[in-house]
Amino acid sequence: MARIQRRTTDHPDWCTRDHRCGIDTHRSPDIVVDATGARGIVTRVRAGDRDYAEITIRIRLDHRDPIAVRQVGLTLHLIRRLMNAVTALRPGTLATGAHRPALDRRQAA
Ligand SMILES: [Zn+2]
């Protein structure tokens, strides 16, 4: 009788090791950021040999369409600024052991 052997998966320390962890991806617990009329969820993801911050944001829009369209445009503009700012950071500019208040926030269930 043939035996099926599966190699154990090496998970990073921050991985949830749950159903969201796939064959070639690892996912951290969700980190929730709340603001008035908005909520963001940030998840650290390892895909292949790179780590990413996966971000889902829900922002309440005005009920008047012209204003909602402007709000969506502003959202896109600010997301681009966020992406550029984070990717421009150099590792040496980030102090280790620094106070990291976002890590103390509650996690999504
Ligand atoms: Zn994993």
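Both ligands and their constituent atoms are indexed starting at 1 by order of listing.
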Which protein N, O or S atoms lie under 2.8 Å from the Zn ion (ligand 1), given by chain and residue number? H11 ND1, C15 SG, C21 SG, H26 ND1
Roughly how far, to the nearest 0.5 Å, is the CG atom of L78 from the CD1 atom of I57? 9.5 Å
Nearest 0.5 Å please: distance from the OG1 atom of T43 over to the CH2 atom of W14.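 That separation rounds to 10.0 Å.
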Would you list the atom pairs, donor with acceptor, under 3.5 Å between side chains in residues 59-66 and any protein atom, with sequence neighbours excluded?
unit_1: D62; atom_1: OD1; unit_2: R64; atom_2: N; d: 2.8
unit_1: D62; atom_1: OD1; unit_2: R64; atom_2: NE; d: 2.7
unit_1: D62; atom_1: OD1; unit_2: R64; atom_2: NH2; d: 3.4
unit_1: D62; atom_1: OD2; unit_2: R64; atom_2: NH2; d: 3.0

Linked hydrophobic residues, I79 as query - side chain contacts closer than 4.5 Å: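 Members other than I79 - counting any ILVMFWY side chain reachable under 4.5 Å - are M83.
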If you define the side chain from C-beta out and look only at heavy atoms, does anything of Y52 sit under 4.5 Å from R46?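 Side chain of Y52 against side chain of R46, heavy atoms only: no contact under 4.5 Å found.
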Sequence neighbours left out, what passes side-chain hydrogen bond (donor to acceptor under 3.5 Å, both in side chains) with E54? Give chain and number order. R27
